[in-house]
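Order of the sequence lines sets the chain letters (A, B, ...), proteins ahead of strands, with each chain counted from 1.
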Amino acid sequence: MPELPEVQTVLDTLACQMGHPVIEQIEVIWDNIVHGDTQAFIAGLQGRRIEQYARLGKYLCFDCGEVMWIAHLRMEGKFYLQQPQEPYDQKHVHVIFHLDDGRQLRYHDTRKFGRMYLYEHQEDLHAYPCFANVGLDAFDERLTADVLYRRLHGRSITLKQALLDQSVIAGVGNIYADEICFALRLHPQTRVSRMRKKDFEALITEMRRILGGAVRAGGTTIRSYTSSLGVDGRFQLQLRVHAKKGERCPLCGEPIKKITVGGRGTYYCERCQKRR
DNA sequence: TATACCTCCTGCAAGC
DNA sequence: TGCTTGCAGGAGGTAT
């Protein structure tokens with residue numbers, strides 16, 4: 001599942017390989033991918049040039065001048081930049097963008113969970129309705145230990161749930177939440193109400209260290225997610241606990257355990273990660 | 001207001 | 001071997 005590093009990799013690759021084309025024509029094969037009225041989406045985006053690329057959390061943002069096209073890949077969404085004659089998986093390609101350079105940008109999504117939005121341009125990225133419940137990006141300088149402490153102090157949720165809550169931190173998903181908990185030596189079921197300010201300082205530091213490393217590695221390639229555009233990530237080689245049930249903890253040798261926290265599969269080391 | 005649960009959707013693995 | 005069932009996941013909506 002694409003999280004912040006994978007989305008950043010997709011964005012960088014698209015910006016590099018696609019440039020600034022005009023979207024001449026759009027075919028929407030599966031309506032539910034488009035939020036709201038599909039015909040309005042097509043009419044609003046057709047004829048626009050992609051001028052800039054941006055990202056907020058796990059959302060891809062394509063600045064098309066008067067309109068902003070926003071996409072969320074959810075579980076398995078991928079973009080493929082291909083020539084029209086290249087064959088494609090018709091069952092799983094749900095939107096095709098015909099570009100003025102003759103190529104096609106094809107949106108592929110096995111589970112059809114992805115969503116696309118189109119809005120009139122706003123100055124502030126956070127002003128778009130789809131970001132109403134999206135907090136500060138993990139790399140946003142305004143996201144500090146103080147902000148997290150104020151936001152989470154007194155709440156009864158666990159550390160893992162807080163990391164996955166996009167209204168708290170935008171960009172962290174299941175894989176990196178496990179890795180951050182491990183780096184903090186905290187059990188994923190630790191109550192955030194029991195965390196001190198210095199714990200949030202460490203959280204910010206470790207989160208940015210891990211996500212930054214993953215961005216530099218091109219993200220994580222696992223069974224349910226491989227990057228599009230011929231780019232595969234290498235961060236899975238650096239994962240320490242996620243999806244390693246039964247394997248030895250890299251620090252103490254204890255077998256990694258798997259539990260469910262907040263409805264999500266969660267991997268941790270019982271000996272190294274203390275619960276509070 | 002905060003939290004829990006359900007829904008969307010499909011591939012895969014396990015069990016029969 | 002082939003069928004059925006349950007699980008996995010992110011985010012939005014609804015219920016408590």
Side-chain angles (χ1 to χ4, degrees), chain A residues 1-8 10 28-36 38 55-61 70-79 89-95 107-117 119 126 128-138 148 150-181 188-194 211 214 219-227 233 236 239 241-246 256-268:
Chain A
M1 61 305 298
E3 301 181 26
L4 186 155
E6 291 76 33
V7 173
Q8 186 65 52
V10 170
V28 177
I29 297 141
W30 183 259
D31 274 341
N32 287 358
I33 297 293
V34 174
H35 177 84
T38 302
R55 180 190 57 73
L56 176 58
K58 303 174 196 172
Y59 291 82
L60 293 155
C61 306
I70 298 169
H72 195 303
L73 306 174
R74 295 278 183 101
M75 290 292 295
E76 301 193 26
K78 300 176 190 72
F79 281 108
D89 175 5
Q90 297 199 4
K91 188 180 176 187
H92 297 126
V93 168
H94 308 302
V95 188
Y107 178 71
H108 180 287
D109 192 341
T110 311
R111 300 193 190 181
K112 300 177 176 173
F113 271 17
R115 290 292 177 270
M116 292 183 189
Y117 310 81
Y119 300 112
H126 280 273
Y128 295 104
C130 65
F131 296 147
N133 295 312
V134 176
L136 293 170
D137 187 83
L148 280 185
R150 274 186 270 119
R151 182 82 170 77
L152 295 171
H153 191 68
R155 290 185 66 182
S156 63
I157 58 171
T158 64
L159 171 59
K160 172 82 183 250
Q161 287 172 301
L163 287 168
L164 292 177
D165 187 341
Q166 298 301 296
S167 69
V168 177
I169 304 169
V172 177
N174 204 34
I175 298 173
Y176 297 104
D178 284 351
E179 295 300 314
I180 292 165
C181 289
Q189 287 177 315
T190 293
R191 296 282 158 186
V192 287
S193 56
R194 296 191 176 183
L211 294 178
T220 300
T221 302
I222 58 174
R223 187 181 61 78
S224 66
Y225 176 77
T226 56
S227 176
Q236 69 274 16
L239 294 178
V241 288
H242 185 80
K244 295 195 179 293
K245 181 186 172 187
I256 300 297
K257 291 198 167 182
K258 184 187 182 188
I259 55 173
T260 301
V261 182
R264 297 285 177 266
T266 299
Y267 301 84
Y268 74 106

- Note on the structure: Counting primed atoms, P, OP1 and OP2 as sugar-phosphate and everything else as base, the B/S/- map of nucleotides 4-10 of chain B against protein heavy atoms under 4.0 Å is S---BBB

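- A/Asp137 and A/Arg55 are joined by a salt bridge, as a carboxylate oxygen and a charged side-chain nitrogen come within less than 4.0 angstrom of each other.
- The overall bend of the helix from B/dA2-C/dT16 to B/dC16-C/dG2, read as the angle between its terminal helix axes built from five base pairs each, is 50° when rounded to 10 degrees.
- Counting only N and O atoms by type, the side chains of A/His108 and A/Asp89 include a donor and acceptor under 3.5 Å apart.
- Between the CG atom of A/Asn133 and the C1' atom of B/dA2 there is a distance of 13 Å, given to the nearest Å.
- Note: A/Tyr59 and A/Phe131 meet the aromatic proximity criterion, with ring centroids under 6.0 Å apart.
- Side-chain contact between A/Thr260 and A/Thr266 is absent, with no heavy-atom pair separated by less than 4.5 Å.
- In this structure a side-chain-to-backbone donor-acceptor pair under 3.5 Å is present from A/Gln166 to A/Leu164.
- In this structure, the side chain of A/His94 engages the main chain of A/His92 through a donor-acceptor pair within 3.5 Å.
- Between A/Ile70 and A/Leu60, every side-chain heavy-atom pair lies at or beyond the 4.5 Å cut-off.
- At whole-Å resolution of the value, CZ in A/Arg151 and P in B/dT1 are 12 Å apart.
- Between A/His153 and A/Leu148 there is no side-chain heavy-atom pair separated by less than 4.5 Å.
- Protein atom CG of A/Leu152 is 17 Å distant from nucleotide atom P of B/dT1, rounded to whole Å.
- Between the side chains of A/Asp178 and A/Tyr176, not a single donor N or O lies within less than 3.5 Å of an accepting N or O.
- Nucleotides of DNA chain C lying under 4.0 Å from heavy atoms of chain A occupy a range whose first and last members, 5' to 3', are C/dA8 to C/dG12.
- Donor-acceptor pairing under 3.5 Å is recorded for the side chains of A/Asp31 and A/Thr38.
- OP1 or OP2 of B/dT3 sits under 4.0 Å from a side-chain N or O of A/Arg155.
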